Number of protein chains: 2
Amino acid sequence: MQLVEGVLKGNRLALSRLITGVENDTPEGRDALDQLFPYTGKAHLIGVTGAPGTGKSSLVNQLAGLYRHPVDGSPALRVGIVAVDPTSPFTGGAILGDRVRMRDLTGDPGVFIRSMATRGALGGLAYQTSAVAQLLDAAGFEVIFIETVGAGQSEVEIARLAHTTLVVEAPGLGDDIQAIKAGILEIADILVVNKADHPGVENTVRALQSMLNLGFSDGRSSGKHLLSSQKTDCPEADADPELWTPPIHQTAAIHKTGIEDLFCSLQEHKAYLERTQEWERRGKARLRRELDELLQATLLRRWQSRTPEAIYQATLERLERRELSPYRALEYLMKSEWIS
Amino acid sequence: MQLVEGVLKGNRLALSRLITGVENDTPEGRDALDQLFPYTGKAHLIGVTGAPGTGKSSLVNQLAGLYRHPVDGSPALRVGIVAVDPTSPFTGGAILGDRVRMRDLTGDPGVFIRSMATRGALGGLAYQTSAVAQLLDAAGFEVIFIETVGAGQSEVEIARLAHTTLVVEAPGLGDDIQAIKAGILEIADILVVNKADHPGVENTVRALQSMLNLGFSDGRSSGKHLLSSQKTDCPEADADPELWTPPIHQTAAIHKTGIEDLFCSLQEHKAYLERTQEWERRGKARLRRELDELLQATLLRRWQSRTPEAIYQATLERLERRELSPYRALEYLMKSEWIS
């Protein structure tokens, strides 16, 4: 298959076409995934999530720049960026506004940017995103950012695809904006308070510290990474090598402050994952989850294709009116007429 | 069916037997659920969750006492208590230690207490707990506490069964104890800091306030309900009648302080649910979720019963070694030999 060979040789047009095939769940897309799957498993997948307005795209932009031009003299890495908007039904244009800010990255053949949005693909958006990340992985992108808008259940699932999950917060978003859904903090490997030059940053950092200390940390993460501290080399990690404590970073992406410290934390976390075999474990857990999701989705889809929607709705209404018990409703829905 | 009639007449032995039938997923248990289902939907389901050591059982004990002997002269209500331990494989004895403290409630025919633990019942522990709550509901218990140990994913699912969810916290549990899993706060209708006579209570309250303000509240919940304030009548609610802001209560259950305020919040929340049709909406959403869970569980179970476990494991391992792609693994697992 020509496109598959193109991807392995680094042809961007071939990669774009195959991604479209995967998004549309075409036979070509599936075939390509099959053929490219043996070449996957090398990239560092970095999930980036947080509420709209926290400046995630600028942050990813800056980090990608550092991977392309590392300040510490380490080799430049190829960077893929997958921007996912689970709330938008449109692909491509969905996060275009953000992508405009990525202008300084485009034209660099070592960077590939793609926006994705909701489709009815088998296994849902999480599976679809994973599939696109696999294509980028096979195409030789060594660092892949998976950026999601929002912080709901879908974002959590998408973030779980990653080796390293960054949760981005910003001060002054107002109290009633759902700035942080608490659930997302559970999956954070690194916390970032972006726009740290704005007022109210101390409150945001303090609240994050409280949540970490209460919930799922040993409390050593308090404010080590301040906005002011700048360096050009990543320091040796001083913490327990077997234990990861989510650090809280303060950054101001548009002023390029705090980005290098954050970049070092990403490197540290990758080293931690490799040292503790957590890298392999997360990769395997991801594959297993993907398989189970495909399986359940396929079983349910097959059932739905054999059961008229009107039957399901009518059954649900009878259940709500308490004319049918849950088991009777189940029995009715599983009746051989619809199923066999 | 004699047991079903017994339950409707308030016979405790009949109720106990049917609960056992439901727990063991016997045909009698299912039949009873079918016959009793039309009598359900009246009880106020109150979920109570939080880490071990926060004193949930004492709190439920005290609240049950108030429902039995309301201080404001409202009629006494019948109270069911379902104590669930998702981590324990044993039923009955699991939370017996806690139940000993309920001594002053036993002997009261208006109180029924039952402990439950993990079983392989269809739909999982969440479905099973819901089924037991339905039996108590049909038996005429007007308030049903569903108390879970811990605050993981299963507890969240169990708590979602309730109309009103109480999340219980306590000061001084230490930083590394997973005192709060952040995710559970999202589902809290009422927050309780129990053991509020212990040192460190201010920090716990402040941390909860930060989390609420950051995440999912309009910030009006700050410390209205202090340990010191005691009253005998529930006050008129002064907040926006269309909007519920999770209050933070401070209680010391073993000293019986703060319980009446909490009791009033429970009444207020019930009134709020009824006023906004949220009561009906939560009930319907619960039924739909139950039906979908039964459906997915049944489809997966049927698939598993037709697919040897060794086949699944071997396929997973080939996937991990990247000998099979996810789609090929899926195709292999869905092959007609195992399925048809």
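Note on naming: letters A, B, ... go to the chains in the order of the sequence lines (proteins, then strands), and numbering restarts at 1 for each one. The figures here come from the full heavy-atom set of this structure, side chains too, leaving out hydrogens, waters and symmetry mates. Just so we're clear, the structure is a prediction, and the values are computed from it rather than from any experiment.
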_As an exercise, state the distance from CD of A:Glu317 to CZ of B:Arg288, rounded to the nearest 0.5 Å._
10.0 Å

_More than 12 heavy atoms of other groups within 6.0 Å of B:Glu280 CD_ = no

*Side chain, backbone, both or neither: which part of B:Tyr39 has a non-hydrogen atom closer than 4.5 Å to chain A?*
neither

*For each of A:Leu300, A:Thr315, A:Leu36, A:Leu319, tally heavy-atom pairs with chain B at distances under 4.5 Å, and name the one with the top tally.*
A:Leu319

*Backbone N or O of A:Thr40 within a donor-acceptor pair of the B:Arg322 side chain at under 3.5 Å?*
yes

*Could you state the interatomic distance from CG (B:Leu333) to OG1 (A:Thr298), rounded to the nearest 0.5 Å?*
10.0 Å

*Taking atom CH2 of A:Trp303 and atom CD of B:Gln296, what is their separation to the nearest 0.5 Å?*
10.0 Å

*Under 4.5 Å between any side-chain heavy atoms of B:Pro326 and A:Leu294, yes or no?*
yes

_Tell me which of these, B:Leu291, B:Leu33, B:Leu295, B:Leu316, has more heavy-atom pairs under 4.5 Å with chain A than the rest._
B:Leu295

*Are any non-hydrogen side-chain atoms of B:Leu324 and A:Phe37 less than 4.5 angstrom apart?*
no

*Counting only heavy atoms closer than 4.5 Å, note whether B:Glu290 contacts chain A via side chain, backbone, both or neither.*
side chain

*Between A:Leu287 and B:Glu320, what is the shortest heavy-atom contact and its length?*
CD1-CA, 3.9 Å

*Do B:Arg302 and A:Leu299 touch side chain to side chain, with heavy atoms closer than 4.5 Å?*
no

